[in-house]
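Proteins come first, then strands; the chains are lettered A, B, ... in the order of their sequence lines, and each starts at number 1.
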Amino acid sequence: MLDRHGSTSPLSRRRALAGLSFLTIAATLAARVPAASATEGADAAEDDAFVMIDGWVLRKDDLGR
Amino acid sequence: MLLDFNEASERVDDRVYDVAIAGAGPAGISIALALAAKGHRIVLLEGGGLDYSDASQDSYRGRLSGPRYAPLDATRLRYLGGTSNHWTGRCGALDPVDFEPRRNRVLPGWPISRDELYRFGRQAREILDLPSAPFRPARRPPLASTQFRLTEFAMSPPTRFLGKYRDALRTSRRIDCYINANLVDIEADPTARHVRAFSIRNYRGQIRRLRARRYIVALGSLENARILLNSDHVRPGGLGNESGMVGRCFMEHLDVQLGDFVMTDQAFWRAGKIGLNASAALIRQRGISSGLISFTPSVQPTYYGRAAFLRKLFSGPACRIDPDGARRLSGYPCPGDNIVSSMIEQISNPASRVRLTGEKDALGLRRIDLHWNIHRNDIATIETLAQAVARELARMDVARMRIAPEVLTRRIDFFGVQSHQMGTTRMSADPRFGVVDPHQKVHGIDNLYIAGSSVYPTGGAVNPTFTLVAMSLRLADHLAGLA
């Protein structure tokens with residue numbers, strides 16, 4: 001309805017506008033949705049028990065073995 | 001009765017069936033048999049024949065404008081029994097957590113409960129030849145983890161609906177099943193709130209109108225949206241599309257190679273491949289989608305396509321000489337690798353959509369453009385799950401996992417898929433956010449229903465067929481209860 005082979009009648013334009021406003025809401029919502037709360041990259045494994053080296057997620061006690 | 005519409009188009013007369021169903025795949029056949037068993041007169045329409053044909057399959061061709069996806073005529077089958085003619089048979093049920101609100105979602109989820117969705121689970125198991133026992137992990141004991149659980153599933157033989165139900169359709173006195181009968185238009189009255197007929201076309205170009213009290217479209221996720229969008233004589237933009245939602249929220253299950261691993265506890269891996277699902281606790285805590293992560297020790301790659309023989313021939317020496325280079329060049333793991341693959345739920349995303357092109361197929365239907373879209377929250381789920389499962393393996397001291405660099409940096413440029421096509425006519429109690437209501441009736445149209453995985457508002461991390469059949473039986477029960 002919104003971007004297919006052009007709607008031309010006033011009625012269909014109204015419908016298109018209604019659809020557009022929904023999509024604007026959806027897009028706004030999408031923009032506001034927080035990304036999942038993962039921490040990124042190497043930092044993620046750097047907690048008490050784990051360390052990341054070249055992508056390998058290791059236990060800290062692995063390093064002493 | 002089984003009839004060939006190429007030969008018997010003149011047999012279609014003014015009779016009004018109780019229900020007309022377009023699409024004789026798992027959904028359509030399940031509904032037809034269930035309604036016929038309750039005394040209803042059904043017409044079931046299949047666009048293809050009793051075997052594969054290029055003429056029928058050609059209607060599935062379409063354009064791709066999003067991330068790389070399999071050719072649209074390669075993932076589906078267009079003849080009696082539909083895509084069940086080549087599925088692998090893996091079945092499972094959505095998790096209870098899939099029915100809870102999620103922080104990372106744009107649109108509302110299921111408007112019905114899990115118990116309601118699987119009310120006909122026992123009958124669905126019979127149709128799919130599944131054991132009556134609950135879905136369970138392939139091995140015991142359960143994992144000592146709060147973050148992940150062993151994947152619960154069962155394998156169908158797999159049931160081929162053509163082989164299993166052909167005789168039942170042939171001998172049924174209440175079902176007229178037409179093959180080579182292509183739905184080319186859903187004819188609505190001038191208000192677009194009531195369907196008057198299905199227009200059916202055979203391969204000789206003959207078109208007939210077929211009437212019923214109620215109509216069901218069960219053509220698969222891509223085609224359900226396509227026929228609604230094509231049926232735009234009365235309402236520009238297509239039937240049931242006042243909200244602009246028809247075709248939107250197409251979802252797949254993403255198959256991303258998360259990395260590889262080394263085993264540190266041989267006993268744990270003796271049973272071979274293992275599947276882990278993110279637990280409800282992890283999903284809630286991190287605000288992510290559902291995901292299934294598969295660990296395959298000592299993989300033996302299967303090569304596909306015309307160059308499969310050459311790929312196999314060269315992969316052995318290449319992997320011995322330069323394993324990393326060979327993996328990078330071929331896109332395949334080397335024999336013996338321990339790989340981590342995945343099946344990740346996509347959020348329901350309006351930008352991921354099916355729309356029509358100007359090109360028509362031989363039946364006169366406009367073909368589709370699949371504009372698949374991967375949301376940033378999908379990527380976040382992938383990276384979060386990779387981190388979590390890598391730590392969990394290390395914590396349990398069964399393996400150490402190396403996370404692929406593109407996953408760590410969230411710069412994934414290739415998404416494999418499971419050919420689980422979902423969404424496009426999503427279910428929502430609120431017509432602004434969906435195409436069908438909780439009874440699978442198209443919002444605003446009093447006698448048009450949609451069946452199949454196109455109505456899923458969310459897809460979880462489970463193969464979709466069992467849910468699809470259970471929902472189809474629920475729809476049949478609902479229709480049987482109407483006057």
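- With contacts defined as side-chain heavy-atom distances shorter than 4.5 Å, the pair Arg400(B)/Leu58(A) qualifies.
- Per-residue counts of heavy-atom pairs under 4.5 Å with chain A were compared for Thr357(B), Leu385(B), Val246(B), Val262(B); the largest is that of Val262(B).
- Most heavy-atom pairs under 4.5 Å with chain A, from the set Ala394(B), Gly358(B), Gly247(B): that is Ala394(B).
- Of the two parts of Val407(B), neither the backbone nor the side chain holds a non-hydrogen atom closer than 4.5 Å to a non-hydrogen atom of chain A.
- Closest approach of Leu408(B) and Gly55(A) over heavy atoms only: CD1-CA, 3.9 Å.
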(message) Does Val57(A) form a side chain to side chain contact (heavy atoms under 4.5 Å, CB included) with Met401(B)? I'd like the steps, not just the answer.
(response) CA-CA 6 Å; Val57(A) 176; Met401(B) 177 174 153; 5.6 Å; no
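- Using a 4.5 Å cut-off between heavy atoms, Arg395(B) contacts chain A through both its backbone and its side chain.
- When all heavy atoms are compared, the tightest approach of Phe261(B) to Trp56(A) is CA-CZ3, 4.3 Å.
- When the shell of 6.0 Å around CG of Asp324(B) is examined, it contains more than 12 heavy atoms from other residues, nucleotides or ligands.
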